[in-house]
Amino acid sequence: MRHFSLSKSGQQRGVALIMAILIVALATILAVSVTSDGYMDQRRISTTLLVDQAYEVALGGEAFAASWLEKDQLDKTGATYDSLNEAWAQPVKLPIEDYGELSGNIEDLQGRFNLNNLVNANGTINQEMLAQFTNLLERLQIDSRWAGIVADWIDADSNPNFPDGAEDTIYSLRTPPYLTANRPILSTSELLSLVDGAGKPFGIDNYRLLEPYVAALPIGTPLNVCTARGKVLDSLAPSVIPGEYSTPAGEANLADSRKTGCFPKPTDVKTAFQSRDKNFDALMNRGSAYLGQTSKYFQADILVTLGTTEVAMYSVLQRTGNGQKVHVFSRSLGTP
């Protein structure tokens, strides 16, 4: 039997070969890693640049919306109303070079129920507005107990509104605990913080139902009946009174009549509901200016698409002075 053995030089060549293979493998891994990291860095930088560009374009869309509202006021030659047949109320789509698009629309926020009207200027609950909000919840088939709970969230005191209110004693038991706002709300999304006396949250489903009908505007902001949805108009009377504007026929009549101007006018609404409901009469006695036909607060919904990048901006625009100047009241990204 023959025995084979490597010489010292042969062993060294074998070790050198293995080391060479390891070095090549490590170099390959390093090269792939560097290339991959470089590609990801490039993608991140590209995405960041696109987001920044889309944000700047959205700001341009916001300025465009403000200019339309200013122009609308300047162009009025006798019309004393803001209605849905005007240029500002029409949706817009604009191409951005060859790889993007800006789309947007302006909504009159005074066509919604203003949640902050649930309290008076001194922080006490406005009972007539509370009754209207209760009516709105009932027409939307949302538990009307939430009306008092929302009012408690906004009013200035810490005393629960009887019988359905909820104050700090309820919210301090949450995990984590928190307190009621006891001030006008800044965003309708605050409704998601509400719970009832048993700790049941208001919930996202109720919020999605209610959100299109409510706004968070300064206390005392009037309702523009020219742009209000049918259910908001009909909430001026209890749900036991048949709807004038939110039935299928009423909604169709609203849409058709608003193609040419303001409908209904405040006098039409008063005629429809006055003397049919004590709360409506009390509301008118407190100040018939609550029903208006002009607006100061609008929301511009802007969506910018650049390639696969999207930026959504929601800007509340306020007309000031004689209405010919518009500034940004609030702005948010991603959610209204």
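Start at 1 with the first residue, then count along the sequence. Computed from heavy atoms alone, side chains included, the values below leave out hydrogens, waters and symmetry copies.
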Q: May I ask whether Leu194 and Ile204 are part of the same hydrophobic cluster, defined by side-chain heavy atoms of I, L, V, M, F, W, Y residues being less than 4.5 angstrom apart, directly or through others?
A: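 Yes.
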
Q: Compare every heavy atom of Phe273 with every heavy atom of Leu233, then report the nearest pair and how far apart it is.
A: O-CE1, 3.5 Å

Q: Of all the heavy-atom pairs spanning Thr294 and Asp82, show the shortest one and how long it is.
A: CA-OD2, 3.4 Å

Q: Looking only at atom types and distance, does a side-chain atom of Arg139 sit under 3.5 Å from a main-chain N or O of Asp234, one as donor and one as acceptor?
A: yes

Q: Going by atom types only, do Asn120 and Thr124 share a side-chain donor-acceptor pair under 3.5 Å?
A: yes

Q: Under 3.5 Å, side chain of Asp196 to main-chain N/O of Trp146, donor-acceptor pair present?
A: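 Side chain of Asp196 to backbone of Trp146, a donor-acceptor pair under 3.5 Å: no, none is there.
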
Q: Answer whether the closest heavy-atom distance between the side chains of Thr309 and Thr305 falls below 4.5 Å.
A: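 SC-SC contact between Thr309 and Thr305 ruled out.
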
Q: Pick from Asn114, Thr227, Val214, Val316: which one makes a side chain to side chain contact (heavy atoms under 4.5 Å, CB included) with Leu109?
A: Val316

Q: Is there a side chain to side chain donor-acceptor pair (under 3.5 Å) between Glu211 and Thr188 once you walk through the steps?
A: CA-CA 7 Å; Glu211 191 276 331; Thr188 58; 4.5 Å; no

Q: Side chain of Arg112, backbone of Arg229: donor and acceptor closer than 3.5 Å?
A: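 Flag not set: sc Arg112 to bb Arg229 has no pair under 3.5 Å.
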
Q: Do Leu209 and Ile142 have side-chain heavy atoms sitting under 4.5 Å apart?
A: yes

Q: Hey, is the main chain of Val326 close enough, under 3.5 Å, to the side chain of Glu70 for a donor-acceptor pair?
A: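 Here the side-chain-to-backbone pair exists.
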
Q: Please check if Ile185 and Leu192 belong to a single hydrophobic cluster, counting links between Ile, Leu, Val, Met, Phe, Trp and Tyr side chain heavy atoms closer than 4.5 Å.
A: yes

Q: Name every donor-acceptor pair, under 3.5 Å, that has one atom in a side chain of residues 51-58 and the other anywhere in the protein, sequence neighbours excluded.
A:
none

Q: Look at the side chain of Ser187 and the backbone N and O of Ser189, then say whether any donor-acceptor pair between them is shorter than 3.5 Å.
A: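 Yes, Ser187 side chain to Ser189 backbone: donor-acceptor pair under 3.5 Å.
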
Q: Report yes if some heavy atom in the side chain of Val195 is under 4.5 Å from a heavy atom in the side chain of Arg174; otherwise report no.
A: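 Result yes, sub-4.5 Å side-chain heavy-atom pair found.
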
Q: Calculate, to the nearest 0.5 Å, the distance between atoms CG and CD belonging to Leu94 and Glu101 respectively.
A: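 Taking CG in Leu94 and CD in Glu101, the distance rounds to 8.5 Å.
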
Q: Regarding Asp72 and Arg319, does a basic nitrogen lie under 4.0 Å from an acidic carboxylate oxygen?
A: yes

Q: With no hydrogens and no angle check, is any side-chain donor or acceptor of Asp268 less than 3.5 Å from a backbone partner on Lys265?
A: yes

Q: Grab the two heavy atoms, one from Ala228 and one from Leu254, that are nearest each other, plus how far apart they are.
A: O-CD1, 4.4 Å

Q: Any luck finding a side-chain donor-acceptor pair between Ser239 and Asn135 under 3.5 Å?
A: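 No, Asn135 and Ser239 have no side-chain donor paired with an acceptor closer than 3.5 Å.
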
Q: What verdict does the salt bridge (charged side-chain N to carboxylate O under 4.0 Å, His left out) test give for Glu86 and Arg258, after you've listed the backbone C-alpha separation in whole Å, the side-chain angles of each residue and the deciding distance to 0.1 Å?
A: CA-CA 10 Å; Glu86 296 180 313; Arg258 285 174 170 176; over 6 Å; no

Q: Give, for atom CD1 of Ile106 and atom CZ of Phe298, the distance between the pair rounded to the nearest 0.5 Å.
A: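 So the gap between those two atoms works out to 8.0 Å.
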
Q: Quick check: closest heavy atoms across Asn117 and Ile219, and the distance to 0.1 Å?
A: OD1-C, 3.6 Å

Q: Out of curiosity, Thr247 OG1 to Lys231 NZ, how far, rounded to the nearest 0.5 Å?
A: 9.5 Å

Q: Please check if the side chain of Asp155 supplies one atom and the backbone of Asn182 the other of a donor-acceptor pair under 3.5 Å.
A: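 No, Asp155 side chain to Asn182 backbone: no donor-acceptor pair under 3.5 Å.
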
Q: Is any side-chain heavy atom of Tyr314 closer than 4.5 Å to one of Gln299?
A: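 A side-chain contact exists here, since the closest heavy-atom pair is under 4.5 Å.
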
Q: Considering only heavy atoms from C-beta outward, does the side chain of Leu236 approach that of Val269 to under 4.5 Å?
A: yes

Q: Is the centre of the Phe202 ring less than 6.0 Å from the centre of the Tyr207 ring?
A: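 Between Tyr207 and Phe202, which both carry aromatic rings, the centre distance is not below 6.0 Å.
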
Q: If Ile, Leu, Val, Met, Phe, Trp and Tyr residues are connected whenever their side-chain heavy atoms lie under 4.5 Å apart, and connections chain through other members, are Phe133 and Leu217 in the same group?
A: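 No; tracing contacts between hydrophobic side chains, which count when under 4.5 Å, never links both residues.
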
Q: Does the pair Glu62/Arg331 count as a salt bridge with the N-to-O cut at 4.0 Å?
A: yes

Q: How close do Ala151 and Leu130 get, counting heavy atoms only, and between which atoms?
A: CB-CD1, 4.1 Å

Q: Asn126 side chain to Leu118 main-chain N or O, any donor-acceptor pair under 3.5 Å?
A: no

Q: If you round to the nearest 0.5 Å, how far is CG of Leu317 from CH2 of Trp68?
A: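 Answer rounded to 0.5 Å: 14.5 Å.
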
Q: Just wondering, are more than 12 heavy atoms of other shown residues or ligands nearer than 6.0 Å to CH2 in Trp88?
A: yes

Q: Assess the side chains of Glu167 and Thr180: does a donor N or O sit below 3.5 Å from an acceptor N or O?
A: yes

Q: Compare every heavy atom of Lys270 with every heavy atom of Leu291, then report the nearest pair and how far apart it is.
A: CD1-CG, 4.2 Å

Q: Would Tyr297 and Gln110 count as having a side-chain donor-acceptor pair, cut-off 3.5 Å?
A: no

Q: Of Val311, Ile96, Leu49, Leu102, which is the lone residue that meets side chain to side chain contact (heavy atoms under 4.5 Å, CB included) with Leu306?
A: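 Single side chain to side chain contact (heavy atoms under 4.5 Å, CB included) partner of Leu306 among Val311, Ile96, Leu49, Leu102: Ile96.
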
Q: Check for me, please, whether Phe329 and Leu69 land in the same ILVMFWY cluster - side-chain distances under 4.5 Å, paths through other members count.
A: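 Each belongs to a different hydrophobic cluster.
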
Q: If two hydrophobic side chains count as joined below 4.5 Å and joins carry through other members, does Val92 share a cluster with Leu303?
A: no

Q: If you round to the nearest 0.5 Å, how far is CD of Glu244 from OG1 of Thr271?
A: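 The distance works out to 10.5 Å.
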
Q: Taking C-beta and beyond as the side chain, do Leu59 and Met313 meet within less than 4.5 Å on heavy atoms?
A: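 Side chain of Leu59 against side chain of Met313, heavy atoms only: contact under 4.5 Å found.
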
Q: Can you tell me if Thr221 uses its side chain to pair, donor with acceptor, with the backbone of Pro218 under 3.5 Å?
A: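 Side chain of Thr221 to backbone of Pro218, a donor-acceptor pair under 3.5 Å: yes, one is there.
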
Q: Run the side chain to side chain donor-acceptor pair (under 3.5 Å) test on Glu107 and Asn105 for me, step by step, so that the C-alpha distance in whole Å, both residues' side-chain angles and the decisive distance to 0.1 Å come before the verdict.
A: CA-CA 7 Å; Glu107 180 184 356; Asn105 64 279; 5.5 Å; no

Q: Would you compute the distance between atom OG1 of Thr260 and atom CG of Leu84 and round it to the nearest 0.5 angstrom?
A: 11.5 Å

Q: Are Tyr178 and Tyr171 close enough that their ring centres sit under 6.0 Å apart?
A: yes

